[in-house]
There are 2 protein chains.
Amino acid sequence: MPSERYSGIYQDLKEKIESGVYKPQTFLPSETMLSARFKCSRGTVRRAIAMLAEDSYVQSIHGKGVVVIYREPPANRFAFGEIETMREAFARNGRDYRTKVLEFTTLTVDRRLSRKTGFSEGEEVYFIQRLRLLDGEPVILDNNFFLTRIIPGLTPEIAEQSVYDYLEKELGDTIVTTKRVLTVEEPTEMDEKVMDLSDCHAMAVVTSETYNAEGEMFEYTQSRHKPKYFSFYTVARRKHAYSADRNQ
Amino acid sequence: MPSERYSGIYQDLKEKIESGVYKPQTFLPSETMLSARFKCSRGTVRRAIAMLAEDSYVQSIHGKGVVVIYREPPANRFAFGEIETMREAFARNGRDYRTKVLEFTTLTVDRRLSRKTGFSEGEEVYFIQRLRLLDGEPVILDNNFFLTRIIPGLTPEIAEQSVYDYLEKELGDTIVTTKRVLTVEEPTEMDEKVMDLSDCHAMAVVTSETYNAEGEMFEYTQSRHKPKYFSFYTVARRKHAYSADRNQ
DNA sequence: GCCGATTTGTCCGTATGTATC
DNA sequence: CGATACATACGGACAAATCGG
């Protein structure tokens, strides 16, 4: 549990912004004010503010202050910009959510699979194909490859629940980073067969690589989403915005 | 020009990782080692490392060290996880890229448009519709709404080039944050008419809100991409298990 | 245009806590 | 247990941007 000073302050400010104590387009109290209020150093306040900026809740302006840029997000949206499991995402939207395991095998990575997934040749992986059902309707077809070395003892029963929960709670490992590439592709025969596509002629495909706390990539996944239920949210911040020439 | 100590160190380490001096799955020299080598405080090194972690180049492991997790990204990919203009993205891929302005008008925001875009009622906006051509083929249909208040003096000629360049270079304003939502939708009549869709039956739709350095949302845009040329890359990190140290 | 007050940005040194080996 | 490495926090100093008088 992060009970450090800075995350407490981060939480506090975040809630105040969400509840409208600090309103959009207005400034937060100055860093020195806040550090006095929270009885901490300015550095600690700055860190909390940096986290809020990361979440696009605020933006710092040199010499002026910290503006609130938070806007109430539209409801019924999946925040795939963060890492959360399907379960978490759907639960948050209050829907009935089931998983059906279509395939559960182990494979040895050959050259072709290695090029596709980035795993080393000869590594052993679970291949799991799962269908995600929302209120009984198939919405996602997942193709997972997990390194057996990192996730020993995986079973179809666990796959039906949450692999991440198993990894974190049972094995004590931590998921840290996920890289994702999103494309739109034509449905495959498999998609047609299991997804009940009717009048939809494309799939949203999320290809992701997941790394644990050791920095090892242990998962390669391709998720094929039915467009109707697909939405992907992300925030980007400009890295090194150059200072403009004001000609004066 | 960011010639601060920490960005220099960040750049240096980044290049060493990209060029393979520090290889994946290996540890960087310890923070104390690096601070000695760069003749700076440990805090400054930590900040550079935090930035690399942000880029998913490295990951810190408490008590052990900092692992390199960088992997050569596949070529011909658009890094939409960051903010870059169409021009930048396409140029980076070495293709001929043109813009055709289909529509250029000013509107006053009414209730309907306000709900859609988030702009206040009564605000005045430019509405610009542009077709993006890659080697002569239409690939993106852009629908932009820009606040005239923030970007005065916009013309079709500028829209044909880069609005962001105009904003940053001429007006001295800076783009800082962009929020994006990605969905997959059926082609509209307009899409069919201008995009030459042939055997493609869906569009990748990116809806984005852009904020300037003052924290004001000045742009609302819907970009409709032909799937064939569409790819969206993003990185997510779990929770706020940050190794970031932005204070020192 | 200059000056001073305020505010954020950068950097340092130091101390202490905690995880790994 | 001790040595090493990262994590958190503090306080101080100075730079740079903004704004008002």
Side-chain angles (χ1 to χ4, degrees), chain A residues 1-11 13 26-53 58-68 172-174 176 212-215 237 239-246 248, chain B residues 1-11 13 26-53 58-69 172-174 176 212-215 237 239-248:
Chain A
M1 283 303 122
S3 66
E4 302 85 10
R5 315 264 284 121
Y6 70 89
S7 25
I9 295 167
Y10 162 77
Q11 279 300 336
L13 294 175
T26 68
F27 288 92
L28 293 186
S30 78
E31 294 173 353
T32 18
M33 291 273 299
L34 288 171
S35 64
R37 186 176 306 174
F38 287 110
K39 298 194 201 316
C40 68
S41 74
R42 197 184 137 214
T44 304
V45 167
R46 279 180 64 72
R47 180 155 184 183
I49 290 175
M51 291 169 73
L52 291 168
V58 301
Q59 236 167 228
S60 298
I61 305 176
H62 195 165
K64 288 185 74 175
V66 179
V67 209
V68 177
D173 216 334
T174 323
V176 182
N212 67 6
E214 312 289 315
R237 285 165 60 237
K239 287 288 162 61
H240 303 296
Y242 50 80
S243 53
D245 183 10
R246 266 156 247 245
Q248 272 155 20
Chain B
M1 264 252 286
S3 67
E4 302 86 10
R5 315 266 284 123
Y6 71 88
S7 18
I9 296 168
Y10 163 76
Q11 279 300 335
L13 293 176
T26 68
F27 287 93
L28 292 186
S30 78
E31 294 174 353
T32 19
M33 290 274 299
L34 288 171
S35 64
R37 185 176 307 175
F38 287 110
K39 300 195 201 315
C40 69
S41 75
R42 202 186 130 213
T44 304
V45 167
R46 279 180 63 71
R47 179 152 183 187
I49 291 175
M51 292 169 73
L52 290 169
V58 301
Q59 233 164 225
S60 298
I61 304 176
H62 195 160
K64 288 185 75 175
V66 179
V67 208
V68 177
I69 61 166
D173 215 335
T174 319
V176 181
N212 67 5
E214 314 289 313
R237 281 186 318 290
K239 288 186 299 189
H240 285 100
Y242 287 164
S243 52
D245 187 6
R246 290 176 191 74
N247 52 63
Q248 301 176 25

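Order of the sequence lines sets the chain letters (A, B, ...), proteins ahead of strands, with each chain counted from 1. A quick note: this is a predicted structure, and the numbers were derived from the prediction, not measured.
- Considering only residues two or more places apart in sequence or on other chains, B/T26 meets the side chain to side chain donor-acceptor pair (under 3.5 Å) condition with none of them.
- Counting atom types as modelled, B/R47 pairs no side-chain N or O with a base atom of C/dG9 as donor and acceptor under 3.5 Å.
- Rounded to whole Å, atom C1' of D/dA15 lies 13 Å from atom CZ of A/R46.
- For the residue pair A/L13 and A/L52, the shortest heavy atom distance occurs at CB-CD1, 3.6 Å.
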Under 3.5 Å, which N/O atoms of the protein pair with N/O atoms of nucleotides 18-20 of chain C?
from, atom 1, to, atom 2, distance (Å)
C/dT18, O2, B/H62, NE2, 3.0

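- Nucleotide C/dG4: paired with D/dC19 (Watson-Crick or G-U wobble, both distances less than 3.5 Å).
- The distance between atom CD1 of B/I9 and atom P of C/dT10, rounded to the nearest whole Å, is 13 Å.
- Listed pair A/R5 / D/dC10 meets the phosphate criterion, a side-chain N or O lying under 4.0 Å from OP1 or OP2.
- In this structure, CG of A/L34 is placed 11 Å from P of C/dT7, rounded to the nearest angstrom.
- For B/T44, a side-chain nitrogen or oxygen approaches OP1 or OP2 of C/dC12 to under 4.0 Å.
- For the pair B/E31 CD and C/dA15 P, the computed distance is 18 Å after rounding to whole Å.
- One finds the OG atom of A/S60 at 6.5 Å from the CD atom of A/E31 (value rounded to the nearest 0.5 Å).
- Ranking C/dT10, C/dA15, D/dC10 by closeness to the B/R42 side chain, first place goes to C/dA15.
- In this entry the distance linking CD of A/Q59 with P of C/dG9 reads 11 Å, nearest Å.
- Here the closest heavy-atom approach between residue A/L34 and residue A/P29 is recorded as CD1-O, 3.5 Å.
- Residue A/E4 contributes atom CD, which lies 14 Å from atom C1' of C/dT16 at whole-angstrom precision.
- When all heavy atoms are compared, the tightest approach of A/M51 to A/Y6 is SD-CD1, 3.5 Å.
- Listed by chain and residue number, A/T32 satisfy the side chain to side chain donor-acceptor pair (under 3.5 Å) test with A/S30 (two or more places apart in sequence, or in another chain).
- Of all nucleotides listed (C/dT8, D/dA9, D/dA7), D/dA7 comes nearest to the side chain of B/S60.
- Heavy-atom distances to DNA chain D give each of B/G65 and A/S41 a nearest nucleotide, and the one nearer the 5′ end belongs to B/G65.
- For D/dA9, the OP1/OP2 oxygens have no side-chain nitrogen or oxygen of A/Y6 closer than 4.0 Å.
- Note that CD1 of A/I61 is 5.0 Å distant from CZ of A/F27, once rounded to the nearest 0.5 Å.
- Going from atom CG of A/L28 over to atom P of C/dT7 covers 13 Å, rounded to whole Å.
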